[in-house]
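Letters A, B, ... mirror the listed sequences (proteins, then strands); counts begin at 1.
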2 protein chains.
Amino acid sequence: MQLDNRKKEVLHAIVDDYVSTNEPVGSKSLIERHSFNVSSATLRNDMAELEHLGLIEKPHTSAGRIPSDKGYREYVNSLMTIEALSPREQLEIEKRIDSSVDEVTDLIKNATHTLSETTGFVSLAMSPRLKKSFLKQLKILMIEPGKALVVMVLSAGVVKDKVVRIPNFLNDEQIMKISGAIEKHLTGKPLDEITLVTVESAGKNADVPEPLLKQVLYEAYAAIKQADELNIYLEGEHRMLSLPDFSSLGRARDLLGTLSDSGMVAGYVNEMENAAREAGSDDSYMIRIGQEITLEGLDDCSFITATYNLTDSVSGNIGVIGPKRMLYSKVISQIDFVKKKLNEEMRRFI
Amino acid sequence: MQLDNRKKEVLHAIVDDYVSTNEPVGSKSLIERHSFNVSSATLRNDMAELEHLGLIEKPHTSAGRIPSDKGYREYVNSLMTIEALSPREQLEIEKRIDSSVDEVTDLIKNATHTLSETTGFVSLAMSPRLKKSFLKQLKILMIEPGKALVVMVLSAGVVKDKVVRIPNFLNDEQIMKISGAIEKHLTGKPLDEITLVTVESAGKNADVPEPLLKQVLYEAYAAIKQADELNIYLEGEHRMLSLPDFSSLGRARDLLGTLSDSGMVAGYVNEMENAAREAGSDDSYMIRIGQEITLEGLDDCSFITATYNLTDSVSGNIGVIGPKRMLYSKVISQIDFVKKKLNEEMRRFI
DNA sequence: GTTGGCACTCATAGAGTGAGAGTGCTAATC
DNA sequence: GATTAGCACTCTCACTCTATGAGTGCCAAC
């Protein structure tokens, strides 16, 4: 996009003004609020040009201009400068991050909560992608005849469990044998290398009759697979109702309707993550603006996520969904700072 | 409330009409829609009387009447008749209840989801009150030096666990000793009879040095206490935005804001439960209408809950939050049927 | 390339109006 | 005493009309 300097400044000013006032901005108010050393007529010419390029648009003939999705994109890519948070803002976030929790999941939920409170928007986090983490322990505990609990400890300091059904005849000792055999052979293996075949061959060494064995192995396998399923934590949906951007009930309804399907949102975040990886992006955050988002009802939103790291190979996403009319530089540094704190706290778990 | 028969019928008709049309109902339309064998003038006299008694009110001088909270209360207490669901409606619910899940928690979430879809309102469920359930198993598994997992199996078929910190020096064998000692002494005890003192005296029998022992016992105690904390599952908040009753953004915001604080809602449900118990109520459901609800922003809502039973002594609540302008008899029978199915499914777990 | 001037456009808010629904009251009737 | 017909009155809602004002595009001049 070849824009001369003044046009860049004009676009920058339009985005800033529109974000802070929520009113279409006209050439005259632009002159009043900023020190362009030209007249409003000149800006009008520039604005006509910017509109021609698709960077800004008019809600109707006699209104000012508002940024288009493309305009926001240009702003985010080349115009804005991200400033670090003030010490006070940093302190505010640090105070909210609870460093006393004993489970990674609680820490992530806590960070999500902090992010929603800090930004005033919807925040979200994905559970860590555990495919690359490896099994440190696996125990099968008999609960009662026909029922057992599979407990797994993963390298990333994460504990998962699942209640499974087992044959009624199996006794404590047999279960322990199977449990021991699986643990012995699979400890140290990354989750994504564990298949039904691996589990079955591990189980061969247990001295338990074949038919009984088979069902338990299958259940153990299912429990392991379930352990690396992705969860999403969404918070602060109701905050969207306080924004003027969603003062139309219809929009608000569509938005919250979509967000209520957390599986769909999780799928989308996953898609974003994969797309960024394939594109070889090395940005510390990913951003989707307006129509770039393929979820229904999020046309007026922007999606910003960053990646946190539990270990070198185990990571997840944390970010916000806000109105596309947001203070991008601020929100990005808020996300970035929460992510940083989250990463620090996570060191305790690995 | 001494009302003659016709006045009862008039109130009944006003509630029915208002619920179905969402328009204030006037004397004339009352005549048209129902077969009162009197003139509209007579009904006007009756309506004036009902208004005098505080059962109905006028939004403004020249509008029809709408039921007041007191009017709905009278309707619910003495006028409505609850009909069983049609076979088709029953089937619809049965299809949604997933009988393949292996954990009680999943079953409850599933029932909550079903209830929200069936009623179109917000549904909620409380986790079972486990104070009266007793410990069937307790195991402490070493995760890594300084960290252990306490796994508890409770009589109600519920499995709970918690990661805890332990002294770094403790080895596997010592942990197993402690775990065994606690389990031996506390198995069969109801959770609400287990105190720090009980746990400590149980631990005495483990052959482990006192200072190390003490911390583990405390953590085990904390884990047990955490096991009977109440959780709440809320679902379908966004559905409220589709109701004409919340077409004003302000109301919708207040409502969803309050519902987003699930701890507060849980506290309120608990209060309702306790109040009902103290009053010795033997109704199969509890109901709060409009201003009777002490939560902010729920003035236009009604709260209906029923009690499900996991065992004789272990129960929880399930219900809905909807607009007070709702089809009470229908919603109550929907809740009742879901509760019944939930109770049936729960038998598998005990 | 920049500027002042001007005609034109369009959303918005406010005032005024008529229709319609509903009420309360009174006097007559059963 | 309960019921009814009739009627004047009230109030909301939808509609139209109008004035206002912010903002634009374009042209001619600098």
Figure out the [atom1]/[atom2] separation between [X] and [N], and round it to whole Å.
{"X": "B/Phe36", "N": "D/dT3", "atom1": "CZ", "atom2": "P", "value": "13 Å"}
{"X": "B/His60", "N": "C/dG22", "atom1": "NE2", "atom2": "C1'", "value": "9 Å"}
{"X": "A/Leu43", "N": "D/dG25", "atom1": "CG", "atom2": "C1'", "value": "15 Å"}
{"X": "B/Lys58", "N": "D/dT10", "atom1": "NZ", "atom2": "C1'", "value": "10 Å"}
{"X": "A/His52", "N": "D/dC26", "atom1": "NE2", "atom2": "C1'", "value": "17 Å"}
{"X": "B/Ile56", "N": "C/dT23", "atom1": "CD1", "atom2": "C1'", "value": "12 Å"}
{"X": "A/Leu50", "N": "D/dG23", "atom1": "CG", "atom2": "P", "value": "17 Å"}
{"X": "B/Asn45", "N": "C/dA28", "atom1": "CG", "atom2": "P", "value": "17 Å"}

Is the distance from OP1 or OP2 of [N] to the nearest side-chain N or O of [X] less than 4.0 Å?
{"X": "B/Arg6", "N": "D/dA2", "answer": "no"}
{"X": "B/Ser27", "N": "C/dT23", "answer": "yes"}
{"X": "A/Ser39", "N": "C/dT3", "answer": "yes"}

Do [Y] and [X] meet the salt-bridge criterion of a basic N to acidic O distance under 4.0 Å?
{"X": "A/Arg251", "Y": "A/Asp254", "answer": "no"}
{"X": "A/Arg96", "Y": "A/Glu92", "answer": "yes"}
{"X": "A/Glu51", "Y": "A/Arg44", "answer": "no"}

Selected nucleotide, minimal atom distance to [X] side chain, candidates [options]:
{"X": "B/Thr42", "options": "D/dT4, C/dT3, D/dC11", "result": "D/dT4"}
{"X": "B/Ala41", "options": "D/dT24, D/dG23, D/dA5", "result": "D/dA5"}
{"X": "A/Val38", "options": "C/dT3, D/dT24, D/dT4", "result": "C/dT3"}
{"X": "B/Ser62", "options": "C/dG22, D/dT4, C/dT9", "result": "C/dG22"}
{"X": "A/Glu51", "options": "D/dG23, D/dG25, C/dG22", "result": "D/dG25"}
{"X": "B/Arg44", "options": "C/dC25, C/dC6, C/dG22", "result": "C/dC25"}

Original post:
Checking ring pair (Phe, Tyr, Trp, His ring centres under 6.0 Å) against A/Phe303, which of A/Phe121, A/Tyr328, A/Tyr285, A/Tyr268 comes through?
Top reply: A/Tyr268

Original post:
Quick check: does any side chain N or O of B/Ser116 sit under 3.5 Å from a backbone N or O of B/His113, one acting as donor and the other as acceptor?
Top reply: no

**OP:** Would you classify A/Ser29 as touching base, sugar-phosphate or nothing, given that sugar-phosphate means primed atoms plus P, OP1 and OP2, and contacts are heavy atoms under 4.0 Å?
**Re:** nothing

